[in-house]
Protein chains: 2
Amino acid sequence: MCTTEEKIINASIVLFSQKGYTAVTTKEIAKEAGVSQMTLFRHFESKHNLFERSLDKFVFSPQFKALFESLEWDLERDLNKICSSYQDVLYKNRKIILMHLKNEELNPHFEAVLYKFPNEFKKLLNRYFEEMRNRGAIIENPETLAVNFLTTSFGLFFTSLVMNKLTFDTDIQTCISNYIKIFTKGISLL
Amino acid sequence: MCTTEEKIINASIVLFSQKGYTAVTTKEIAKEAGVSQMTLFRHFESKHNLFERSLDKFVFSPQFKALFESLEWDLERDLNKICSSYQDVLYKNRKIILMHLKNEELNPHFEAVLYKFPNEFKKLLNRYFEEMRNRGAIIENPETLAVNFLTTSFGLFFTSLVMNKLTFDTDIQTCISNYIKIFTKGISLL
DNA sequence: TCATCATGTTAGTTCTTACTAACATCATCT
DNA sequence: AGATGATGTTAGTAAGAACTAACATGATGA
């Protein structure tokens, strides 16, 4: 956090993701950013422009190469890594994701960016499961497994994100490794 | 759909769940409901009151008795039923759920109502897995399994709800039964 | 036929908010 | 020291939205 613009963008992301575009005022954003409302308009012209520039700025992409190279072709370990990476990307982008969910109608074009993560992970998973099938570790259809893994992983993420008050005693990390254990066993041969 | 109040409540739920509380105007709701704005205020006094009455009205509860009595103590079949029921409840309440997600700050008390479903299902699942463990079908901790099943099921639901444009070729029904298959195998003995 | 009741219409009030203009301040650089 | 540029302040405009009051209309039921 350094320049004025960054401060404003950060503040806007926090607030937009919490309350949604319309419910947040530029005054509020300025206050949260610690600048005057005038400064906000000088830098971004309009509220909507600020919204769009915020979306553009904060998309953290996963590092696929590093991930793919670290795989060991051991189902449980690999899936653990992949799931953790996915959770990590989702978590880093959580505010943007919430911002998108709360303001879908405002940024249809942005959907494409958001869906990039699941899609890229799906491709990665597809390749992985295909290879594992070739190696004789599993028999299921890779596509099916990939979709399954993605959607259920997303459930873990989202539950822990928005329903954290839900009195599930188990913490998220344990939850993930349990999930991977079950999933691995569920798709393994024998 | 019949009385004027119902028409207005229906319209408000549609719009609130699509755009969020603040972004929707009473004029818009009145138009969507096919009544005049004045009629809206005559019936509901204020926008916020309408919002709360909408929340109160549209909560579809699951029928636990029927569900519990139809269980056959066959893991895959039972989990299929339970998951379907859960998906059904979530789907019937999808607009309310979205409405809640988009307006969290407006209705903190309503969270309790929303979390009722997962919590009730969790209890049901707990009892079920405990019984199955007693019968020697599984060994895992029932609580762990329940949490896992719930969160991942929610992922299926939510993905199909808000990310339907995601180009997952598999349809939701197939997706569910694949998921149950994997999960069942993952938690079964041997 | 006449009273009642729900609804529509129109005009208006008040408040909030996005956004602007003009001027003040203050640090930095030459 | 003086110019520049970024920021703050204050006052204000214009538009929109929640909400009200008063009156009109039209169906129902005694």
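Residue numbers start from 1 in every chain, and the chains themselves are labelled A, B, ... in the order their sequence lines are given, proteins ahead of strands.
- Separating the CG atom of Leu15(A) from the P atom of dA18(C) is a distance of 12 Å, rounded to the nearest angstrom.
- Taking the six-membered ring where tryptophan is involved, the planes of Phe183(B) and Phe129(B) are tilted, since the angle between them lies from 30° to 60°.
- No donor-acceptor pair closer than 3.5 Å links the side chain of Lys102(A) to the backbone N or O of Tyr21(A).
- Between Phe158(B) and Phe158(A), the angle of the ring planes stays under 30°, which puts this pair in the parallel group of the 30/60° scheme.
- With a cutoff of under 4.0 Å to any heavy atom of chain A, the contacted region of DNA chain D is bounded 5' to 3' by dT7(D) to dT9(D).
- Residue contacts shown for Ser36(A) include a base, since a base heavy atom lies under 4.0 Å away.
- Separating the NE2 atom of His43(B) from the C1' atom of dA6(C) is a distance of 7 Å, rounded to the nearest angstrom.
- Remark: P of dC15(C) and NZ of Lys47(B) are 18 Å apart, rounded to the nearest angstrom.
- Within 6.0 Å of the CZ atom in Arg127(B), the count of heavy atoms belonging to other residues, nucleotides or ligands exceeds 12.
- The distance from atom CD1 of Ile8(B) to atom C1' of dA6(C) is 12 Å, rounded to the nearest whole Å.
- The closest side-chain heavy-atom distance from Glu120(A) to Leu124(A) is not below 4.5 Å.
- Nearest-nucleotide mapping onto DNA chain D: of Phe41(B) and Met38(A), the residue sitting toward the 5' end is Met38(A).
- Seen from the ring of Phe157(B), Arg94(B) does not count as a face-on cation partner, given the 6.0 Å and 45° thresholds.
- Across the interface with DNA chain D, nearest-nucleotide mapping of Thr25(B) and Leu40(A) shows Leu40(A) to be the residue nearer the 5′ end.
- Taking the six-membered ring for Trp and the full ring otherwise, the centers of Phe154(A) and Phe154(B) sit at least 6.0 Å from each other.
- Only at 4.0 angstrom or more do the heavy atoms of residues 48-57 of chain B sit from any atom of DNA chain D, so none qualifies.
- For Lys19(B) and Glu28(B), the salt-bridge test passes: some basic side-chain N is under 4.0 Å from an acidic carboxylate O.
- If you take CG on Asn178(A) and OG1 on Thr144(B), they are separated by 5.0 Å, rounding to the nearest 0.5 Å.
- Each of Arg42(B) and Lys27(A) lies near DNA chain C, and the nucleotide nearest Arg42(B) is the one positioned closer to the 5' end.
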